[in-house]
Structure formats: C-alpha cells, structure tokens
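This report refers to the structure that appears directly beneath it.
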Amino acid sequence: MDQTLEERIADLERELVERTAQERRTAARFHDIIDRNADAFVIVDREGRIRFANRAAAQLFGRDADALLGMPFGFPVTAGETSEVDIPHNSAPRVAEMRVDSTEWEGAPAYVASLRDITERRRMEQVSRSLFAEQAAREVAEQANRRLHFLLETTTVLTSSLDYRDKPRLLARICVDHLCDWAVVYGLDRDGEPRRLAVEHCEPSKAPLAEELRSIPIDPRGIHPILEVIRSRQSRLVTDITPEMLTAMSANPREVEIARELGVASFMSVPVVARDRVLGAIAFVAARSENAFDTSDLKLAEDVARRAALALDNALLHEQAQLANQRKADFLAVVSHDLRTPLNAILGYADLMDLGVPEPISPGARDRVQRIRSAAKHLLYLLNELLAFARLEASHEVPHMQNVDVGALMKEVAAVAEPLAGKKGLQFVVELPDEPITLSTDPDKLRQILLNLVGNAVKYTPQGEVRVSVSRSSTGMVRFVVSDTGIGIAKEHLAKVFEPFWQVRQTERSAGGGTGLGLSVVRHLAGMLGGTVSVKSKVGVGSTFTVSFGA
Ligand code: ADP
C-alpha cells in the first residue's frame, strides 16, 4: 500500500527524532562510561587547553572537572606517545603514565590523554628498591663481618701458642670453616721442596682420603701447580677447573683420583711468605662450582696467608730457639758434669796432702795446697751452679713432691749458712713458726732455692745481719723470707737479677765471684714447685727475697 507524501514525511520526522534521541542517549552513556572510568581522560585542543576531563582526571589533578575546563593542560602532547608525568596536587604530587592519541572534539582535531595514576606503584617500587639496597648493604656488612671474623680467628688460633707442630692443621681447619670445602697447607723441607703438612675437608667422611693425599709426596720436578706458586711467590686463582686440567696437574694418577673424590671445581693457591722467605703455601679448594672463588676471595685468602706467615714464622723461630737452647743446655750439662770428675780428684788429693798423706808437707807447701783446695772448691761450686742451671734448661728435672716439714728444712739450710755468715761476722737470725708447717713440695729443690738465696744474702752483705723466716698466712700461703742488710740492688736492676748470667757488677765473674745463675735457678725451681719469687731492695740498706707457695 502506497504511503501518502505527508505520511512519508511524518515517518521520516519520527525516525529522525527517534534517532537523535538514541544518539543523545548513546552519547550520554558514552560520556557516563568515560566519566566512570578508573583512568583519567582529558581532551586537549590544539591550543593545549583542556576541553574535557572525566571524574578520575579531576581527582588526579585535585580539582573539580568544571574548574579544569579551559585551563592549559601543561604537558606536551604528541599523538602516539607514552610518557610519565609529575602532576602537582594539593596534598601530595602524583605520578601518572600518560598515553596520547589524536581525536576530534566538537568537530575540531584534538588530543585525548589517558592518564593512569602510578604514584602508588612508583612508591612501592621505591620502597622495594630501598629494601633491596638495604638488604644488599646488610649482606655486604655481614660478609665483611664474616671475613673480619675469619681473619681474627686466624690470628687468634695461630698465635694462641708458639708450638709449631699443630699450626698447619689448625690453619687448614680455619680455612675450611670459613672459606673453602677443603684446604691444603704446604711447608718446605730442608731442601726447599714442598710437601703437604695438612689436608682438611669439610666433610668428616673424607678425612681418610684427605690423610692419604697428605702422605703423597710432591714431585719437585713435576707439574703440580703449587711448585709454580712457591717459585714465583704469586697467588693463583682458577675459577673453573675442567677434568682435563685436573689430570694435567699431576703425573700421579692416585693423587688426581683423590682430588676428584674430594671435589675440585675451583681453587686458589697463595704463597706463605715471612721476612722475605717462602715458608710454604695454602691451597683453598671449592668442591662445587656454585662455591667457585672470585677475586675478592683471593684477596681474603692472601690476607689469611699473610697472617698465617707471621704466626708460622714466630712458631718456627721459637722452635729453632728452643732447639738451640736445648743443645746449649745439653752441652753445658755434659761439660760441667765431666769437669766435676777430675776436679773431685784434685780436691781429694789436695785434702790428702793437707792431712799429710802419704807424708807430711812443709808449712809453705801446705799453704799452697790450701789455696789449691779453696780454688778447686770454688770451681766445684761454679760447676754445680752451671750443672743445676743446665739441667733445668734442658728440662731434665722433674719435681718429686712429698709432704715436707718446712721448719725442719729451714734448720738444715741454717746449719749450712750460719758458719759462712759467722766467718764474715754477720748475725744470722732464723725465725721458725710455733706450729709445724707442712708443705707438699720437692725438698731437694726447695733446699736448693733457700741455699741460693741465703748464700747470696751472706755474699752481698758486708756487715749487719741475714735473717730467714718461714710462716703460713691466714689464707694458707707458705712464705719463705730471706732478708739482709747488705749492699742492696738498684731499682733498675731488680727485674734483671733473675736473668741467667746477669750480675749487677759484671766484673763479678772475672773477679772469681758467682756465675749469675743462682737467682735464675731459684726462679725456675720455684716455678716448677708452683711458687713465685719476688724481691724488694734498697741500695745500701739491704734486700728481701720472698718465695711464696699457694695453699
Ligand atoms: P751470682 O752468682 O752473681 O750471685 P745470682 O743469679 O745469684 O748470681 O744473682 C745475680 C745478681 O744479683 C748478683 O750478681 C748480684 O749482683 C745480685 N744479687 C743477688 N742477691 C743479692 C743480694 N742479696 N744483695 C745484693 N745483690 C744481690
């Protein structure tokens, strides 16, 4: 059925109204969607002014959406670009990621900038960055601390005693505890050729293998890498060892086999040098590649080797000094002992001649014989002192402890010393305790201590008195005191009088006096019996020596 023209026009008008309404609804819905979007949208015209801003944009800029309209946008806009922009905001500046695209606005070309607030994301990133930096710093500090601890321990452990023998093993152990999976400490023998002194592994089950490796000699003309380290005095770091390299390191298949079983992924070898002398080397081995060494490990290893060198050198020097001392003491003991035998014969025959055996001698000759006797006696005294000293130095003496009545022992000493004091016109005073005092000690050694002290007191006292006493304090301490009114000892000499061969008047020895050994023997013996000796003295007034034994 044909429509009339009026009807057709009316339909079109209706349709137009309907479509316009629909378009308006669509535009409103679109507007609403844009407005509710979580991202901020801003339409910017070609002049850079804001023509539209949604709710999120208003929030992002901290203003009403209406207030933004017409304002300059403030950021350069280039279609297709994404950038990060800092947006001033009343409370706190915001950071947004901005994407710009071309659009049209009200029939004119424009830009749409979509902005996503990434302030929080940036803040979190910043926080995690600083946390990360903090953690890294803490790790560095902890590592430095561990290293310092390692170095300190190296020094403490290695210098705790002067005994050289256990040092290589201790050193290898510390290295394993702190830096590597296993370690080898090398020393040089008399011919300067290296040998393994200690091999330590972190796994106790590997100890037998480590010990076997230790006992394998190193061929000095071979290809072992330690030879080059010792020869060149240069450290070596190998971060990654291939099986071929390992095989090439030794001509001994068993050595290579053991090394493989102990695990070799990376190693460092550092020479141990003290006073410009190579003492040996240390090899640090990492069994697994994840523990491979780097240059900072090598620095630490070199530090350890430097400290070890000092400690080992001291211990070696001490050992050599001990050995030399021992030889000297042995020599002295042999010589003084052997000299005593003919001397006793001289004394014996001189005594016989003095007694007129086999026939009386003239008074003149007798005077000469007397002189021979007293010179020989003095010589015997000197030899006895030397022998006592030498025996102590050579550590041949051991105390034989027993319960001793010290009052009775004091009387014995007084009986020997009194006539000597009497000869010099000195008063000799003995102070004994009312109650008997018993001390667990070696009576022969204690007697020798007291005889030496009383002998000195008489020797160095021209006039006055020599006094000896023994007492027990309330704490149970037993004290022997030997005092005199003699020449005394100057303050600056007090510490030296106990040193062997030291005498205040160094001419004393050549003048036929003592040996300078008596007080050294006294101190040695007192120490052996668990006691101490001290001295107080004033020049021209006198000296007091005190020997104390704990309860
Ligand atoms: P010496 O054989 O010379 O007596 P000592 O070791 O017994 O050796 O004593 C060392 C030095 O100490 C002596 O040479 C002397 O100078 C000094 N001395 C020791 N005892 C006394 C004392 N009672 N009075 C003064 N000087 C003393």
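Index from 1, following the sequence. In listed order, ligands and their atoms are each counted from 1. Keep in mind the model is a prediction, meaning the values are calculated, not measured.
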query = Can you tell which of Val482, Leu453, Val478 makes a side-chain contact (heavy atoms from CB on, under 4.5 Å) with Val547?
reply = Leu453
query = Which of the numbered atoms in ligand 1 are below 4.0 angstrom from a heavy atom of Lys459?
reply = 1 (P), 2 (O), 4 (O)
task = Write down the atom of Ile372, the atom of Ala350, and the distance for their closest heavy-atom approach.
result = CG2-CB, 4.3 Å
query = Would Phe389 and Phe501 count as a close aromatic pair, with their ring centres under 6.0 Å?
reply = yes
message = For His493, which part has a heavy atom under 4.0 Å from ligand 1: side chain, backbone, both, or neither?
response = neither
Return a table of donor-acceptor pairs under 3.5 angstrom between the side chains of residues 423-436 and protein atoms on other chains or two or more places apart.
residue : atom : partner : partner atom : Å
Lys424  : NZ   : Val458  : O            : 2.7
Lys424  : NZ   : Lys459  : O            : 3.2
Lys424  : NZ   : Thr461  : O            : 3.2
Glu431  : OE2  : Arg467  : NH1          : 2.4

ask   = Just distances here: any N/O of Ser520 and N/O of ligand 1 closer than 3.5 Å?
value = no
note = Under 4.0 Å from one or more heavy atoms of Gly516, ligand 1 contributes atoms 1 (P), 2 (O), 3 (O), 6 (O), 8 (O)
query = Strictly under 4.0 Å, does any heavy atom of Gly486 approach an atom of ligand 1?
reply = no
ask   = Is a salt bridge present between Arg233 and Asp276, judged by a nitrogen-to-oxygen distance below 4.0 Å?
value = yes
ask   = Where does Leu519 meet ligand 1, judged by heavy-atom distances below 4.0 Å: at the side chain, the backbone, both, or neither?
value = both
ask   = Under 30°, 30 to 60°, or over 60°: which ring-plane class applies to His178 and His149, parallel, tilted or perpendicular?
value = tilted
Could you go through residues 524-541 and list every donor-acceptor pair under 3.5 Å that involves a side-chain atom there, pairing it with any protein atom two or more places apart or in another chain?
residue : atom : partner : partner atom : Å
Ser537  : OG   : Ile489  : N            : 2.8
Ser537  : OG   : Gly542  : O            : 3.1
Ser537  : OG   : Ser543  : OG           : 2.8

ask   = Which atoms of ligand 1 have any heavy atom of Gly518 under 4.0 Å away?
value = 5 (P), 6 (O), 7 (O), 8 (O)
key: Option nearest atom 25 (C) of ligand 1 (shortest heavy-atom distance, choices Phe498, Tyr460, Tyr381)   = Tyr460
Numbered atoms of ligand 1 (with element) below 4.0 Å of Leu517, judged on heavy atoms = 6 (O), 8 (O)
request  = Could you tell me which atoms of ligand 1, counted from 1 in the order shown, lie closer than 4.0 angstrom to a heavy atom of Val497?
outcome  = 6 (O), 10 (C), 12 (O)
